Amino acid sequence: MNRTGSLYVTGNSLFHRLDGAVKLVLFMAWTVMTYMFLDLRVFVLMLVVGIALLVTAGIPFKKMAFLFWLMIIFTVLNGIFILLITPTFGTRLTGTDTPLIQLGYNTINAETLFYVLTLSAKYLTLLPITILCIFTTQPSAFAGSLNRIGVPYKIAYAVSIALRYIPDLTEEFRSTLNSMQARGMGITKEDGSIAQRLRNLAAVVVPVLQSALHRIDSVTNAMELRGFGTQKKRTWYSGKEMEGLDWTLAVLGVLLLAVGIWLKVQVLKGFWYPF
Amino acid sequence: MMQPIISFQQYSFKYKNQSEPTLKDITLDIYPGEKIWIAGPSGSGKSTLAHCINGLIPFTYGGDIRGRLSIAGRNPAELSIFELSRTVGTILQDQDSQFVGLSVAEDVAFVMENKAMPREQMKRETSASLERVGMLDYIDHSPYELSGGQKQSVSLAGVLSTDAEVLLFDEPLANLDPAGGRKAMQLIDDIHRQGGKTVIIIEHRVEDVLQQPIDRIVLMKDGGIEAVGTPDEILASGLLRGCGLRPPLYVDALRYAGVSLDGVQGLSRPQPLGIPGLGERLDGWSEQAAAGAPSQPAEPLLDVRGLTFGYEPGQPVLKDVSLLVGAGEIVALLGNNGAGKSTLSQLITGILKPQSGSMRYAGQDMASWSIRRRGEAIGYVMQNPNRMITQHMIADEVGLGLKVRGVPAAEIKERVAGVLQTCGLYPFRNWPVSALSYGQKKRLSIAAILVLAPKLMILDEPTAGQDYRHYQEFMDFIEQLAGQGIAFLLITHDMYLALEYARRAVVLSGGEVLAADTVASVLSRPEVTEPAHLKETSLSLFAKANDLASPERFVQAFINAEKKGKKGHE
C-alpha cells in the first residue's frame, strides 16, 4: 500500500478508463452471477474472462501478490476442511456415492471432490474482478461517480475523506503504541499475558480516538469555511463524464445478468456433476 | 476617507458555555490593502477574533454578541459562512486538517467543487492558482509527499481561487521549521503586494512575523486590545513582554546592554541601526557579559557511536551518527523534518534496531536491552500530551508504568506522590485528567515517565503549540529537573528553545551530524543552519549588520544575560 492509503495503480486499460460507478455495477452483476450458480462450466468461463481482463490491465503482480495469495490460501484451506470434515457431502447433491480415498474414519468420494473443485472455482472467479476494481479505481474519482448514480454527495465524499485521513490515524496509532511500549505497556511478548497485552492495546485506543475526534472538529471547520455542504449540487475535479463505452458496458453487464438469471432458472438449475 | 473593510465597534463576545466574555469591547478598523498582525498569548482572544472575522462565530460557535461588526459593509450574522468566505479566505493553523483533498489539485479545487463549477473551468483555475504560489509542479502530489510549508502554500492557492479580498492566516507559522516559516512569510508578502489583498495574520512568534514588513500590529491581552501601532512603535514601547510575547532577541540584547530604544527606527528587523557608537558599546558589553567559567564537561550518560540505520539496504536514513549526552545535561537535537531526528530517538528507545554502531548508557552496552528496560533508563515524551494519557485519574496515569511492572501498591502510592510533588501537580492528585490545562497535561506526561526514575528523557518538540509564557514555565520546570541530575535530549526545530535552555546542540541534516558544539557557536554559522533548515539567529545577523567584532560572542553574551536575568527574577 502506498502512503495515500489507496491501492490505485496508474494505467490506461479498459478497466482504468471505465467509470467507477459502472465498475461497481459490473462487480455487483458478477458477484450475483457467481453466487447464483454451482456449475463448473460457468465458473471456468468467468475465470477465463476475468483473467483475460486482469492481464490486459497490466497491474504488476507484485502489487496484487498479497491479495492474490490470501484468496488462494483461503480457498485451498476451505477445500481441505470440507474434504476432511464432510468427506461424503457430495452425495447429498448427486445421490450417488463413488468412494475414492480412504481416510480411516470415513472415505472421500468423487462427488465431494468434484464439489470442492466447483466451490473453489466459484470463489476464485471473484478474485480477478475484485483485484481489478480495487487497483484500477482512483478513490476520488470513485466518490464522484457514486454521486452521479444517485448517492448523496455528502455520503459519497465520506469515502474520499476516509481515505485521506486513515493513513494519518494509523501513523498516530503507531507512534502512540511506541511510546506506550517504552512505559512497559506495549503489545509484545515481554509486556505480559495475552489479556494484559489486549488491555494495553485498548488503552492506546483512548488517546488516538480522542485525537481523531479533535481532528474531525478541525476538518469540519476547514470544510465549512470552504463552502462544503452549502449547495444542493457539487461537481468533482477528478473523473470524467460518462462516455459511450461506459454506458455500453453498464448495459452489457445488466444484460449478462439477465441472461444468467434465465440460465439459472431454465437450464443450469443445480449442481453440475458430469459423471 | 476610505471605508474600512472590517470594522469592530465596541464588540464583545461570550461563548455559550462560558461565564465571562472572551472578547471585551473591541473597537478596530481594518482598511483595504492593509497588512495587520494580531498578536497575543493564548487565551488573549486572538483566535476568537479570527472566528468572528471568518464566520465560525456565530455559525459554528454560538454565543452572545454585543456591539457591531461589519465586514465589507455587511453584518456577518446576516450572511452565511459560505457567502462570507467569498470576502474572507481563511488559512488554518493545522495544515493537515486543512488539506482535505487526496491530491494537491483536488484540495485547491475543493471550494470550486462546492460551488458546483464545471470541470473544465475548475481545472484551468486550479492550475492558475497553483502557479501563483509556485506549486504547479506538485499538482498531482498527495499530501504525504509535501512538507508543512508546501501544504500551506496549497491551502493558500485554494483560498486565492475564491478571489477573497481578505486573507486571514491563523497561526501560519505554528507547525513550520524556521526555513519553512521564512518562506511562508515571504509568500504571504508577495500575495499581499501583487494582489492588493488585505492580510490579517494571527501569530505569537514575533521575530518570524517581522521578517516581512507589517503595517500595523494589534496587541491583544485578556480579550481586549492593549495597543495598536507600527512595529517600531510597539517594539520600542516594551509592551510585548507584558503581553506574553517574546521580543526579538536583539531588542532584548540592546536592553541588556543598556541602550535606550526611545524613538529608534528599524527595530523590526536585524539591520544597521545608525546609532552612533553602538558597535563599540555592544562589543564592550559582550566582552564583559560573554566571559564566564567554561562549563565542566559532564560525565557521559548516553554515548552513541557510529549509528547507521536504513529501512532499505543502500538507503541509510542515518549515517554514522555519534552523540553524547552528559549526566544532568540539556542537549538540543536540531534539524529539519526528515533529517532523521525521530529515527534516532526510535533507535535510542529500541523501537528500531541499528544496522551498525553502538549505544552505551552509563558505560553499559545497551544492544541487548529490551524496549521495556530501555524505557526505565531513558524516557520518551511525545509532543502532544493528549496522545500519551490513557487513564481517567491523574494519580492512576502516573502510577500506570509502575503497576504494569508489578510494584506493590503502597510503594506506587509513595512514588506517585513524590513525582507529583516534583511536577507541581500534587494538589490535583485526585482530579480527573480532563480538568487539567494543556500545560499541566504536558507536565503530567512528564510525571508519568519520571516515576520510572529514568536518568535521561527525550522530549519531542516540548514547546510546540505553547505561547511564550507557558513555554517559559514549562522549560523552567525542565531546567529544574536537570538541576536534580536528569539529562534531557530536546528534539526540536525551535531555535530559541535550544539557545535559551540547551548547553550544547547537535545538528542533524540528511541523516548525518553536521555539527555538535555549543549552541551559540552552532547557530552563528550559516553553513550549518542553512542545510538544516534552521535560521541563523537574529542575534548573529544583527551583530553582523552592525559590524560587531564577534557575532558568536554577542550570542553568548545574550545567553548569559538571559540566565542572569532569570535568576534575578527568582
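In this text, all values refer to a predicted model and were calculated from it rather than measured experimentally. Just so it is clear: chains get the letters A, B, ... in the order the sequence lines come, proteins before strands, and each one is counted from 1. Worth knowing before you read on, the calculation uses all heavy atoms, side chains too, and leaves out hydrogens, waters and symmetry mates.
Ranked by heavy-atom pairs shorter than 4.5 Å toward chain B, the options A:G227, A:S238, A:A182 are led by A:G227. Among A:G229, A:G184, A:S179, A:A203, the residue making the largest number of heavy-atom pairs under 4.5 Å with chain B is A:G184. Options B:I81, B:N384, B:L400 differ in how many heavy-atom pairs under 4.5 Å they form with chain A, and the most are formed by B:L400. Interface summary for chain A: among B:Q93, B:M117, B:R86, the most heavy-atom pairs under 4.5 angstrom belong to B:M117. Ranked by heavy-atom pairs under 4.5 Å with chain A, the first of B:N386, B:V159, B:L402 is B:N386. Ranked by heavy-atom pairs under 4.5 Å with chain B, the list A:N200, A:N178, A:I161, A:V206 is led by A:N178. Listed options A:Q210, A:Q138, A:Q196, A:Q231 were ranked by heavy-atom pairs under 4.5 angstrom with chain B; first place goes to A:Q231. In terms of heavy-atom pairs under 4.5 angstrom with chain A, the leader among B:M122, B:Q391, B:K115, B:R373 is B:M122. When the candidates B:T162, B:V108, B:V111 are compared by the number of heavy-atom contacts under 4.5 Å with chain A, B:V111 comes out ahead.
Rounded to the nearest 0.5 angstrom, A:I129 CD1 and A:T34 OG1 are separated by 9.0 Å. Atom OH of A:Y157 is separated from atom CG of A:N147 by 12.0 Å, given to the nearest 0.5 angstrom. A:L24 contributes atom CG, which lies 7.5 Å from atom SG of A:C133 (distance to the nearest 0.5 angstrom).
Heavy-atom distances place no part of A:T220 under 4.5 Å from chain B, backbone and side chain included. If you measure heavy-atom distances from B:D107 to chain A, the contacts under 4.5 Å come from both the backbone and the side chain. Using a 4.5 Å cut-off between heavy atoms, A:M180 touches chain B through its side chain atoms alone. Contacts of B:R387 with chain A are made by both backbone and side-chain atoms, with heavy-atom separations under 4.5 Å. For B:S370, the parts lying near chain A are the backbone and the side chain together; criterion is any non-hydrogen pair under 4.5 Å. Both the backbone and the side chain of A:Q181 come within contact range of chain B, with heavy atoms under 4.5 Å apart. At a 4.5 Å heavy-atom cutoff, B:S155 makes no contact with chain A through either its backbone or its side chain. Using a 4.5 Å cut-off between heavy atoms, B:M382 touches chain A through its side chain atoms alone. In this structure, no portion of B:E83 lies under 4.5 Å from any heavy atom of chain A. Within the 4.5 angstrom heavy-atom criterion, atoms from both the backbone and the side chain of A:T176 approach chain B. There is no contact between B:F59 and chain A, counting heavy-atom distances below 4.5 Å. Both the backbone and the side chain of B:V100 come within contact range of chain A, with heavy atoms under 4.5 Å apart. In this structure, chain A has heavy atoms under 4.5 Å from both the backbone and the side chain of B:D96. Contacts of B:D94 with chain A are made by side-chain atoms alone, with heavy-atom separations under 4.5 Å and no backbone atom involved. In this structure, chain A has a heavy atom under 4.5 Å from the side chain of B:L92, while its backbone stays farther away.
Taking the side chain as every heavy atom from C-beta outward, B:D140 and B:S103 never approach each other to under 4.5 Å.
The side chain to side chain contact (heavy atoms under 4.5 Å, CB included) with B:I71 is formed by just one residue from the set B:L79, B:N54, B:L84, B:V166; it is B:L84. Screening B:I446, B:L444, B:V381 against B:M388 for a side chain to side chain contact (heavy atoms under 4.5 Å, CB included) leaves a single residue, B:V381.
Using bins of under 30°, 30° to 60° and over 60° for the plane-to-plane angle, the ring pair A:F74/A:Y123 lands in the tilted bin.
Here the side chain of B:R374 pairs a donor or acceptor atom with the backbone of B:M366 at under 3.5 angstrom.
At least one cation-pi condition fails for A:R226 and B:F99: the charged atom is not both under 6.0 angstrom from the six-membered ring centre and inside a 45 degree cone around its axis. The cationic group of B:K455 does not satisfy the cation-pi geometry with B:Y361, failing either the under 6.0 Å distance to the six-membered ring centre or the 45° limit from the ring axis.
For A:Y237 and B:F110, the gap between ring centers reaches or exceeds 6.0 Å.
Side-chain contact of B:Y15 with B:T48: a donor-acceptor pair under 3.5 Å is present, judged by distance alone.
Counting heavy atoms of neighbouring residues, nucleotides and ligands inside a 6.0 Å radius, atom NZ of B:K353 exceeds 12 of them.
Between A:D19 and A:R148, at least one side-chain nitrogen of the basic residue sits less than 4.0 Å from a carboxylate oxygen of the acidic one, meeting the salt-bridge criterion.
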